[in-house]
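One structure coming up, written as structure tokens, with questions to follow.
Naming: A, B, ... by sequence-line order, numbering from 1 per chain.
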Amino acid sequence: MNQFISKDKRTHYCGNLSESDNGKEVVLMGWVHRRRDHGGVIFVDLRDREGIIQIVFNPEEGETVHSEAHKIRSEYVLAVKGKVRKRPEGMTNPDLATGQVEVLVSDLEILNESKTPPFSFDDDDISENIRLKYRYLDLRRPAIQKNLFLRSRLASVTRRYFEENGFIEVETPFLTKSTPEGARDYLVPSRINKGTFYALPQSPQIFKQLLMVSGFDRYYQIVRCFRDEDLRADRQPEFTQIDVEMSFITEEDIMQMMEGLMASIFKACLGKELALPLPRLTYADAISRYGKDNPDIRFGLEIRDITDIVKNSGFKLFAEVAAQGGVIKAINANQASRLSRKDLDGLADFVAIYGARGLAWAKVNAADWTSPIFKFLKPEEIKGIGQLLNAKEGDIIFFVADTPKVVHDSLGNLRLHLARKLNLIDPDVLGFTWVTEFPLMDYSEAEKRYVSTHHPFTSPFLEDLHLMTTDPGKVRARAYDLVLNGSEIGGGSIRIHRKDIQARVFSALGLSDEEARLKFGFLLDALEYGAPPHGGLAFGLDRLTMIMTNAESIRDVIAFPKTQKAACLLSDAPSKVSIEQLMELSLKIV
RNA sequence: GGGGUCGUAGUUAAGUUGGUUAUAACGCCGGCCUGUCACGCCGGAGGGCGUGGGUUCAAGUCCCAUCGGCCCCGCCA
């Protein structure tokens, strides 16, 4: 035994064999994907990470091997030696990459048996429950392997790009200090310092800024980050960031550098050329035209403001909303008249999710509209709306009247919903856009104060500084997000490097000197020792991989993901710990 | 914190207004078969319906609670 592994080394991957290997003696290792036993000849589809090859056991080639082959079952691990040969005329399999050839086996060793797997590796609709419990089997599926190979390539191209451009990769700590701004932290109790806690980083933000103070000039890191917030199809509690920071630069320099990175990645991973520079939108435009700060620009259906047209409308709701400082906006779903009355009612339910109390609609006919609100509107209003939205016969216009936030949320999401329903998105188009000039701060109703849109170290536009005390919501930030196909794949900013400006921002955020010092003291100290002008950005590696692989869930691009309840079904984490462990940490469960 | 949806053999699903031994396909096991590639043919085993209560003569079907998967709102600087 043990002829294989130690002596007869593997010569080829299964999936790499082709006609050019015809006649070669090869040694293969792999898993039994399927077995077809014809009584005489036995076919086995042998699978490894590169693909599948049909191997043949023929009784005429040796009775011992053939009888051993009878024992083979699904997912057994085999080592075989044999000769590659072209398949006989008419016996090729065009559905298989290696379908022109097969391997006639002369030696077989069953390296390991396998229990019958709990699900089929061909099946696409296995419950995630089962998939995640047996993740090591789920990961045998070629589709998922392909995702992880692309992810690895993406990371590798990224490293090469940054090395070529003079960046240094520096590791920053995972056991660090809790920063109460922003997301919830994952906490780690300190045994040595009882009653105190480390926090796992939500991002290496402060450390990378410190590295700029230290003079490293150009830093990057592919780094895990942690946020203890609720999960979504594109959100995991631990995720990977491509983290970047540069000194002595403006936003133009960063954006250019990052566009180069995107071009390298898409070229190397997907063979796609990007047209640079990438398009740009201001935050204000993104919101007003698309209702979102992560607009999907691959299709139209843009939002139009009709407040001025209908503020004195005979339709009382519009007039009232306008009088109360709300807005009335609309989108034209071109040629959507095939939507049924039932569909339209469904859309009203859809926008209700985002707080809209109603969804008015109008089917555009040659001479008039079919619409519940038609009779309330004056002819000039109908004309004005029709012109602004370029309405043609067969179109359906949708209206929402409410606060700006509700209008933008509901129409922004309705726009996406309709695009999918009406099949308006070309899957081959890459909808890149930068979104710039974010507001520095938003008013938080929950906290009754202004909070940072991005983070408190983001530099304001200097020309907006005078608004800091009078109208903080109007101050623009030197921040920029990169959006791809309606997904925020990265974001960053020019940072504050001057202590006086940092103090003004903290004060606008309602942070006292003491509080600021308590939370970020070490950064503030550092800014006093010759901090260079600097800025950076971070990409979500998982989300980028998701888009590039067309994955529907972030779990499909992460080897061992968590469920929506933040659990790992494979390892059963999180789990209870012993009382001894708790005592050692001086912790008590309340 | 909230809304929605799902949980029935190993897997994927079907199970009408509650009613005899709970279906099917694939998989699995056994037999036959020398060219298939979702091989074919014959035969067989396998679950008591996520869990715990309850209503009822009778519950997979109704009610309550609970656990878990997924999607979404809030949240995610």
rU5(B) versus rG46(B) - spacing of their C1' atoms, nearest Å: 30 Å
Write down the distance separating the P atoms in rC72(B) and rA25(B), rounded off to the nearest Å. 36 Å
Heavy atoms under 4.0 Å, any strand shown: does Asp125(A) hit a base, just sugar-phosphate, or nothing? sugar-phosphate
For Gly39(A) and Thr453(A), find the nucleotide of RNA chain B closest to each by heavy atoms; which residue's nucleotide sits nearer the 5' end? Gly39(A)
With rounding to whole Å, what would you report as the distance between rU51(B) and rG7(B) at their P atoms? 13 Å
Compare the minimum distances between each of rC70(B), rC29(B), rU12(B) and the side chain of Ile130(A), then state the nucleotide with the smallest one. rU12(B)
Measuring only the C1' atom in each nucleotide, how far is rG50(B) from rG40(B)? A whole number of Å is fine. 38 Å
Does the Arg415(A) side chain pair with the main chain of Asp296(A), one donor and one acceptor, at a distance under 3.5 Å? yes
Which comes earlier along RNA chain B counting from the 5' end, the contact point of Gln202(A) or that of Ala566(A), where each point is its nearest nucleotide? Ala566(A)
Which part of the nucleic acid does Ser74(A) contact within heavy-atom distance under 4.0 Å: base, sugar-phosphate only, or nothing? sugar-phosphate
Of the options rC76(B), rG35(B), rC73(B), whose atoms approach the side-chain atoms of His38(A) most closely? rG35(B)
Between the side-chain atoms of Arg184(A) and the base atoms of rG74(B), is any donor-acceptor pair under 3.5 Å? no
Could you tell me whether the side chain of Glu89(A) has a donor or acceptor atom within less than 3.5 Å of a complementary atom in the base of rG35(B)? no
Indicate the ring-plane relationship of His455(A) and Phe457(A), choosing parallel, tilted or perpendicular according to the 30° and 60° boundaries. tilted
Pick base, sugar-phosphate or nothing for Glu60(A), based on heavy-atom distances below 4.0 Å to the nucleic acid. base
Answer with yes or no whether Arg34(A) presents, from its side chain, a donor or acceptor under 3.5 Å of a partner atom in the base of rG27(B). no
Atom P, compared across rU17(B) and rG53(B): separation rounded to whole Å: 27 Å
Is it the case that the base of rG7(B) and the side chain of Asn129(A) share a donor-acceptor contact (distance under 3.5 Å, atom types as modelled)? no
Relative to each other, are the rings of His417(A) and Phe350(A) parallel, tilted or perpendicular (30° and 60° limits)? parallel
Short side-chain N/O contact from Gln54(A) to OP1 or OP2 of rU36(B), under 4.0 Å: no
Please work out if Pro117(A) contacts a base, only the sugar-phosphate, or nothing of the nucleic acid, heavy-atom cut-off 4.0 Å. nothing
Options rC75(B), rG35(B), rC70(B), nucleotide nearest the side-chain atoms of Thr563(A): rC70(B)
Look at the side-chain N and O atoms of Arg36(A) and state whether any lies under 4.0 Å from the OP1 or OP2 oxygen of rU36(B). no
rU66(B) versus rG27(B) - spacing of their C1' atoms, nearest Å: 33 Å
Is the Phe522(A) to Phe520(A) ring centre distance short of 6.0 Å? no
Determine the Euclidean distance between corresponding C1' atoms of rC39(B) and rU34(B); express it in Å to zero decimal places. 12 Å
Any donor-acceptor pair, under 3.5 Å, between the side chain of Arg73(A) and the base of rC29(B), if you only look at N and O atoms? no
Is there a side-chain contact between Glu50(A) and Gln145(A), using heavy atoms and a 4.5 Å cut-off? no
Describe the nucleic acid contact of Thr92(A) in one word from base, sugar-phosphate, nothing, applying a heavy-atom distance below 4.0 Å. base
Is any side-chain N or O of Arg87(A) under 3.5 Å from a base N or O of rU36(B), one able to act as donor and the other as acceptor? yes
Between rG68(B) and Lys565(A), is there an OP1 or OP2 to side-chain N/O distance shorter than 4.0 Å? yes
Taking syn as any angle within 90 degrees of 0 and anti as the rest, which one fits rG35(B)? anti
In terms of side-chain heavy atoms of Ser127(A), which of rC33(B), rG74(B), rU12(B) is nearest? rU12(B)
For the salt bridge (charged side-chain N to carboxylate O under 4.0 Å, His left out) test, which of Lys115(A), Arg47(A), Arg34(A) pairs with Glu75(A)? Arg47(A)
Within 45 degrees of the ring normal and closer than 6.0 Å to the centroid, is that where the cationic atom of Arg141(A) sits relative to Phe121(A)? no
Picking from rU34(B), rG69(B), rA38(B), which would you name as closest to the side chain of Ala567(A)? rG69(B)
Taking atom P in both rG60(B) and rG48(B), compute the distance separating them and give it to the nearest angstrom. 13 Å
Closest approach to the side chain of Glu102(A), judged atom by atom: which nucleotide of rG35(B), rC29(B), rG69(B) is it? rG35(B)
Any donor-acceptor N/O pair under 3.5 Å between rC75(B) base and Arg235(A) side chain: yes
